[in-house]
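Step one of this worksheet: look at the structure below.
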Amino acid sequence: MTHPHYAGAMSTTPSDGVPTTAEPPAYVPTEIEPRWQQFWRDDRTYEVDNDDPRPHYYVLSMYPYPSGAAHMGHVRNYTFGDLIVRYRTMGGHAVLSPMGFDSFGLPAENAAIKTGVHPREFTDARIEELRSSLLRIGGGYDWRREVKSHDPDYIRWSQWIFLKFYEAGLVYRRKAQVNWDPVDQTVLANEQVLPDGTADRSGAVVERIDLEQWFYKITDYAQQLLDDLDQVEWPQRVVTQQRNWVGRSEGAEFDLAVCDVDGGPTGESFRVFTTRPDTSFGMTFCVLAPEHELVDSIVTDDRRADVDAFRHQARMTSEIDRLSTERSLDKRGCFTGAYALNPFTQRPVPVYLADYVLATYGTGAIMAVPGGDQRDWEFAKAYGLEIIRTVQPPEDFEGEAYTDDGPAINSEWLNGLDVAAAKAKAIDWLVDQGIGESKVTYRLRDWLLSRQRFWGCPIPMVYCEGCGLQPVPEDQLPVLAPDDVEFRPTGQSPLTFHEGFLNTTCPKCGGAARRETDTMDTFVDSSWYYLAFVGRRGDSYDGREMPFRKEDIAEWLPVDQYIGGAEHAVLHLMYARFFTKALSDLGLVPSDLREPFKRLFTQGMIRLAGSKMSKSKGNLVAPEEILDHQGADALRLAQLGLKPPQDDVDWEDVSIDGALRFLGRVWRLGVPGGDLVGETRSGLQTPADIAIDRARHALIAEVTNDFERWSYNTAVAKYMTFVNDLYRWVQSDDGAHGPTLESSIDTLLLLMAPATPHIAAELWQRRNGGHVHREPWPVADPAMLVQDSVTMVVQVNGKVRDRVEVPPDITESAAVATALALPKIAEQIGAAAPRKVIARPPKLINVVV
RNA sequence: GCCCGGGUGGCGGAAUGGCAGACGCGGCGGACUCAAAAUCCGCUGUCCGAGAGGGCGUGUGGGUUCGAGUCCCACCCCGGGCACCA
């Protein structure tokens, strides 16, 4: 493919022997871009040391899963990140701008099963492709700090952190009902299962099976994960999602004594959780989860067959069906034959099972108050159970269960109290009786971290027959998976069949032991990579005591600007927050570092014809082709100028041609030897020249403001407006004033340097020598931001009737006089005297008649 | 059902309560050219009008205000999140 020329290059015909006019230098992005990309690496422009004396600023774009050449989502994400890196660097900061690869994960392993290529080989090849794309986009990164999740050094420290968490009791192993993905053949965390019960990666319907699995105790941090959301400047949407996911509920827990139909105690009891202890007098039945441990012992003989059948049915029902609100309630419950004593009324109430009561939430048992809970109401209707209201609904209330505030009724000593007061009094009573207490419950579950797959970080634990579960000693890390494994779609990690890996010795007794063959969820790797970058400076971690130094973390963290997709709202972003808090409590990072990412920006998704472009749907538009032909600057500018960064993008709206056309205009304007600009004037500035100078300062102020508020699309529009102004000016009859033109173009290049770095660098060097990215960010002269005349709008009754040029410091009375003297205005108001005149000099006068 | 966003020309979008539609795309016209491309210049919400000019216009209906795309109330539609969590 030949390089297109965009500068109207004249063709020469050497054969006719006539000397040709000197060609103006053409804009050939494919020639200049690789040259500058190489320069930034050779020059180490974006390498910073931890002790750099400039003020520190940490800009981080979420590190990518290496799926091959970059797709449009990458381009958009990394363009924003790079713009900030270059902008902040010109602003005088030492900007930490690292890049790495989230290189463990299923695609590599699935490819291995299919083709026999080892996942490492596959992954390393994909990394090279993606790294090449990132370089070609023009990103300025400190590549000395690169991390890769599958690097043995990285594995070592992921395992080291796992062991630190294990020592601290933040890792445990337990048998649990877990999410099983039958397609990817592994368990999944709750966060990886979509609301419809399918897996977010494979799309398979997730099954519930009992397995012994490893968990991180993220629930220990539930309250802090909520509270510290106040400390971060994140999109409201993401904060809300995290709040919902943690799901805090305040209420009470108390014991119910099991009894027979007449209230005779059986000696057993179970605990219920409720958010509405104030409604306890209205409890007319209670419900246990089918899996509740007490069911077997309390069920009466005559009900046992039905109960067993019901529990079997509940077990067989898929999670989707069980959570569906569509199914009628009458098939979803089952009477146990047992009763429990309502401690408030001392009346026995029947104990039911229902599949909608979850064993994993609260205590797995509820008191049911049909008068105050719609679900209980429907259940009571279906099974013919008594309904007692305990809160007086307003007279016009037409619903069934009443859940809002009101005075308590039918509740003896709570009667007349509002909900809040009644709650408090009921809880006090439970405490006095010694049967209950106030209680906060969270929806958040522990993080299931083990995966039955090969291409992940091995869990560094061994099983010894004599000593039981033993952690691998630190000095034996990393535990690495062997290369000579056979990839078969068995549903178990290939490590399970590798005797050499499986068999080891117990670190405690030295006897025969077996290694854990599960690997870690890849979200474990991304939970600390932002710290790993700070620990790296090109040298390996080998021989160090720690993956990073606490002092260095203190220098850089929290990340000043984190950039990535909103799809990680409750996955990566929650896990990383947990890791930071736990590492902080363990003393491995500074104790005051409680949040990893101070500011978060979530950019929109790229869509094609309205549907999401993603790895699974294939990269339908390849940035590489644009890089090959129109270049990185055009691609970057098209992305930036299109729409606000947080919005989703439809690919067909991206106008590479428009961006390229603009860059061509900048080139022809700025390149020395170009033929656009003719003779320029020296000497004094004309009013037109001064207007350009003012526009230049306004541009500085506006672009800076736009950059600060993430309004890149308007910043690009302002570049274009300014260039349009310059074009009209240089082609006008008077032509351009030389010094004014030079400073205008130089300022434009400085302001474009973060957005379109290659063309800015090239033109700057050709014009001035030196490097635009080493220049300080320009500052507008406030005196030049004041116009010598402004347009004042004159309205009559709120409608614009005329405009007039006035001095910016015009007095109110002068402005009013000027406005009323305008013929059009006089005509409009006629003979009538103005009833009122609103003056906002120098911008607006509104005459009310 | 609940909680967030959002609804502006043919399209993407811009607009501290003060000139709606910046800028770009597309379209139309002109210049240059033998011609085309590229480039440069201009026009481009809509209706009425020959024109000057005027009417109407930011999802719908109300309200606040001298003045509302912007603030308030009600509703409709679209996108996202949560949803038997006791």
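Proteins get letters first, then strands, A, B, ... in listed order; numbering begins at 1 in each. Only this structure's heavy atoms are used, side chains among them; waters, hydrogens and symmetry mates stay out.
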request  = Verify the contact: side-chain N or O of A:Ser249 to OP1 or OP2 of B:rA86, cut-off strictly under 4.0 Å; return yes or no.
outcome  = yes
task = Tell me which of A:Asn244 and A:Leu642 sits closer to the 5' end of RNA chain B, going by the nucleotide each one is nearest to.
result = A:Leu642
remark   = Atom CG of A:Leu726 and atom C1' of B:rC40 are separated, to the nearest Å, by 15 Å
ask   = Reckon A:Lys643 has a side-chain N or O less than 4.0 Å from the OP1 or OP2 of B:rG12?
value = no
inquiry  = Taking only side-chain N and O atoms of A:Gln241, does any of them lie within less than 4.0 angstrom of OP1 or OP2 on B:rC4?
reply    = no
remark   = Per atom distances to the A:Arg665 side chain, the nearest of B:rA86, B:rC41, B:rG13 is B:rC41
message = So A:Gly641, base contact, sugar-phosphate only, or nothing? Heavy-atom distance under 4.0 Å.
response = nothing
ask   = Taking a pair as Watson-Crick or G-U wobble with both distances under 3.5 Å, which nucleotide is matched to B:rA35?
value = none
remark   = pair_partner(B:rC56), Watson-Crick or wobble, both distances < 3.5 Å, evaluates to B:rG45
inquiry  = Check whether A:Trp667 reaches the backbone of A:Pro25 with its side chain - one donor and one acceptor, N or O, closer than 3.5 Å.
reply    = yes
task = Specify the separation, in whole Å, of atom NZ of A:Lys718 and atom P of B:rG24.
result = 14 Å
request  = Check whether any side-chain nitrogen or oxygen of A:Arg243 sits under 4.0 Å from OP1 or OP2 of B:rC4, and answer yes or no.
outcome  = no
ask   = When you compare B:rG6 with B:rU70, how far apart are their C1' atoms, in angstrom units rounded to a whole number?
value = 14 Å
task = Kindly say if A:Lys843 contacts the phosphate of B:rG18, meaning a side-chain N or O under 4.0 Å from OP1 or OP2.
result = no
task = Tell me what A:Arg248 touches on the nucleic acid: a base, only sugar-phosphate, or nothing, going by heavy atoms under 4.0 Å.
result = nothing
task = From the options B:rC23, B:rA14, B:rC66, select the nucleotide whose nearest atom is closest to the side chain of A:Lys836.
result = B:rC66
message = Using the side-chain heavy atoms of A:Pro644, tell me which of these nucleotides is nearest: B:rC19, B:rA14, B:rG18.
response = B:rA14
ask   = For atom P, what is the distance between B:rC73 and B:rU64, given to the nearest Å?
value = 15 Å
message = Both A:Asn797 and A:Ala717 contact RNA chain B. Which one's nearest nucleotide lies toward the 5' end?
response = A:Ala717
query = To the side chain of A:Arg709, which of B:rA15, B:rC23, B:rA86 is closest?
reply = B:rA15
inquiry  = Quick test of your reading of the model: are A:Arg248 and A:Glu250 salt-bridged, counting only N-O distances below 4.0 Å?
reply    = yes
task = Look at the side chain of A:Asp376 and the backbone N and O of A:Ala368, then say whether any donor-acceptor pair between them is shorter than 3.5 Å.
result = no
request  = Classify the side chain of A:Arg840 versus the base of B:rG18 as yes if they form a donor-acceptor pair under 3.5 Å and no if they do not.
outcome  = yes
note = By the Watson-Crick or G-U definition, both distances under 3.5 Å, B:rU70 is matched with none
query = Taking only side-chain nitrogens and oxygens of A:Asn846, does any of them come within less than 4.0 Å of OP1 or OP2 of B:rU65?
reply = no
request  = Look only at the side chain of A:Asp633 and the backbone of A:Ile759, and say whether a donor-acceptor pair between them is shorter than 3.5 Å.
outcome  = yes
remark   = When rounded to whole Å, the CG to C1' distance for the pair A:Leu844 and B:rA68 reads 14 Å
task = Begin from the C-alpha positions of A:Asp373 and A:Arg276 and carry the test salt bridge (Lys or Arg N to Asp or Glu O under 4.0 Å) through to its verdict.
result = CA-CA 9 Å; A:Asp373 182 286; A:Arg276 295 295 302 276; over 6 Å; no
query = Using atom C1' of each nucleotide, how far apart are B:rG13 and B:rG45 to the nearest Å?
reply = 15 Å
query = Hey, does the side chain of A:Tyr719 come within less than 4.0 Å of B:rC23's phosphate (OP1/OP2), counting only N and O?
reply = no
remark   = Here the distance between atom P of B:rC66 and atom NZ of A:Lys799, to the nearest Å, is 17 Å
inquiry  = Side chain of A:Asn713 only, heavy atoms from C-beta on: which candidate in B:rC4, B:rG18, B:rA14 is closest?
reply    = B:rA14
inquiry  = Between B:rU65 and B:rG18, how many Å separate the two C1' atoms, rounded to a whole number?
reply    = 12 Å
message = Can you give me the closest heavy-atom contact between A:Arg661 and A:Arg668, atom names plus distance?
response = O-NH2, 4.4 Å
ask   = Got a donor-acceptor pair under 3.5 Å from the side chain of A:Gln795 to the base of B:rG18?
value = yes
query = If you look at every strand shown and take non-hydrogen atoms under 4.0 Å, does A:Tyr727 touch a base, only sugar-phosphate, or nothing?
reply = sugar-phosphate
request  = Please report, rounded to the nearest Å, how far the C1' atom of B:rG12 is from the CD atom of A:Gln639.
outcome  = 13 Å
ask   = Taking atom C1' of B:rC19 as reference, at what distance in whole Å does atom CZ of A:Arg803 sit?
value = 5 Å
task = Please measure how far the P atom in B:rG24 lies from the corresponding atom in B:rU44, and state the result in whole Å.
result = 14 Å
message = Taking any heavy-atom pair under 4.0 Å as a contact, classify A:Val793: base, sugar-phosphate, or nothing.
response = base
query = Are A:Arg840 and A:Asn846 linked by a side-chain donor-acceptor pair shorter than 3.5 Å?
reply = no
note = note: A:Arg661, atom CZ; B:rC25, atom P; distance rounded to Å ~ 5 Å
key: Whole-angstrom distance between B:rC82 and B:rA14, as gauged at atom P   = 27 Å
ask   = Does B:rC40 pair with anything, Watson-Crick or G-U wobble, both distances under 3.5 Å, and if so, with which nucleotide?
value = B:rG30
query = Could you state the CE-P distance from A:Met720 to B:rA14, rounded to the nearest angstrom?
reply = 14 Å
inquiry  = If the threshold is 4.0 Å, N to carboxylate O, is there a salt bridge linking A:Arg243 and A:Asp230?
reply    = yes
message = By nearest atom, which of the nucleotides B:rA86, B:rC19, B:rC23 is closest to the A:Asn724 side chain?
response = B:rC23
query = Out of B:rA86, B:rC82, B:rG13, which has the shortest distance to the side chain of A:Asp647?
reply = B:rG13
